[in-house]
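What follows is one structure encoded as structure tokens, with my remarks underneath.
Keep in mind that the numbers below use all heavy atoms, side chains included, and drop hydrogens, waters and symmetry copies. Every chain is numbered from 1 and lettered A, B, ... according to where its sequence line falls, protein lines coming before strand lines.
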Amino acid sequence: DENLKEAPATPPYNLSEYFKQFLFPQNECELHNFRLSFSQLKWDRWIIAPHRYSPQYCKGDCPRVVGHRYGSPVHTMVQNLIYERLDPSVPKPSCVPAEYSPLSVLTIEPDGSIVYKEYEDMIATKCTCR
Amino acid sequence: LQHRAGSERLPGLLVAPGAVSSALNPVLQLPGGAGHGSALLPPLLKVLAERGPRRWDGEAPRLRPDARALRYMKRLYRMSATKEGIPKANKSHLYNTVRLFTPCSEHKHRHRDVVRGDVHSVDLLFNLDRVTALEHLLKSVLLYSFDTSAPVSSSITGTCHLSVKEHGFSSHVCPSLSHSLAFSLHFQVRKRKWVEIDVTSFLQPLIATKRRNIHMAVNFTCLLGDPQHNTELENAINMVLVPPSLLLYLNDTSEQAYHRWNALRHRWKNPARPRQRNSPRLNPAGDTGKENSQGQRASRQRR
């Protein structure tokens, strides 16, 4: 108690926050938002819709023991072990998209015809470590 | 390339002709040792890159689409996709591509038929070069747009008759194709009317034999409302009978096209799936998609 009396007036220490640093990396592999508009790329001359598009992206560190939490296959943990124990030139697992959703696009063709098309794998929706 | 996942299954589009990859604007070349520029581009870039080398910087040669056609396709887009551009889940159609062509040339002639009223004949030439080999026809439609913004006093109902015949093609080996049907038409005052007339049975054999220039003669007659007071109604219709566009509902089986039935089957096979990192975090520049911190803390506490 004596030490605490002189201690600066900081809130009582939150143990769960303290332990968190050991369990989950700060910059954890996660989905990040990114929004672009086709006019930025000057493609709005032939892309009629949508005007804006959010492809999203995955970024962050892959913790040493990935497993179920990231939907990673066993191979990812093996690759991590190889990187740490056997050969550092083998890259660490990366934070990459695991699932996508499609995008519908309306465009003008060079001959003036118009096409509506649904494209696969255009928006990242989930991340994983691989 | 052979050890890379999926590279051997990539359609010809992704290993685009030399002219495309070499002429790609440097903006599109991926940084660092990207190696094969066009093979690593996302699908939409590849599709657009495939269309012509000068697409990015210079003004690519392009005809302006017909305004009515554009209005119709924007309406179709709003019905098929969400605001963010994602195909609506409640839609169960099999097509993933819809192409609209306006006639490249047309010759109209109109003659009076005592019994059937005015007969509108038009010869139409459609160029379907843009249809790719992997786009399979599901349905084709002649799209008529009746604009009743002309002074029409009340709503009108009538029966119309349309006949379509291959124009100028006759060979004893395979007789020229023809197709005719009758349908009823109901107009409201001051409402644009789109009428879709199914001509799939007429067009299917032509597309199946890879015919890309479709030349058809279309006869169109309409008997509307009360025959005694037909003149006013007929003028309203005659004035606005614009040559039709051709609408093709297609199923694109290429890799980059979205296959709705695959997505459904995937969901059935994996109802319960391991939890993955999927909560979007707001990056400093982004304005939407804020990270829901409670969600984050709750999930961490559960773990």
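- If you check the gamma sulfurs of Cys127(A) and Cys29(A), they are not less than 2.5 Å from each other.
- At a threshold of 4.5 Å between non-hydrogen side-chain atoms, the residues Pro55(A) and Leu36(A) count as touching.
- Contact annotation for Leu70(B): both backbone and side-chain heavy atoms come within less than 4.5 Å of a heavy atom of chain A.
- Neither the backbone nor the side chain of Lys88(B) comes within contact range of chain A; no heavy atom of the residue lies under 4.5 Å from a heavy atom of that chain.
- The existence of a salt bridge linking Lys117(A) and Glu135(B) is confirmed by a sub-4.0 Å separation between a basic side-chain nitrogen and an acidic carboxylate oxygen.
- Per-residue counts of heavy-atom pairs under 4.5 Å with chain A were compared for Ile86(B), Val98(B), Thr82(B), Leu246(B); the largest is that of Val98(B).
- Aromatic ring orientation, Tyr72(B) versus Trp194(B): perpendicular (interplanar angle above 60°, classes split at 30° and 60°).
- In terms of non-hydrogen atom pairs under 4.5 Å with chain B, the most contact-rich of Ser113(A), Pro50(A), Pro102(A) is Pro102(A).
- At a 4.5 Å heavy-atom cutoff, the contact between Ile114(A) and chain B is made by backbone and side-chain atoms alike.
- Asn96(B) and Asp252(B) are not linked by any side-chain donor-acceptor pair at a separation below 3.5 angstrom, with hydrogens and angles left out of the test.
- Between chain A and the residues Leu100(B), Thr102(B), Asp66(B), the most heavy-atom pairs under 4.5 angstrom are made by Leu100(B).
- The SG atoms of Cys129(A) and Cys62(A) sit under 2.5 Å apart.
- Of all the listed residues (Ser245(B), Ala81(B), Ala257(B)), the one sharing the greatest number of non-hydrogen pairs under 4.5 Å with chain A is Ala257(B).
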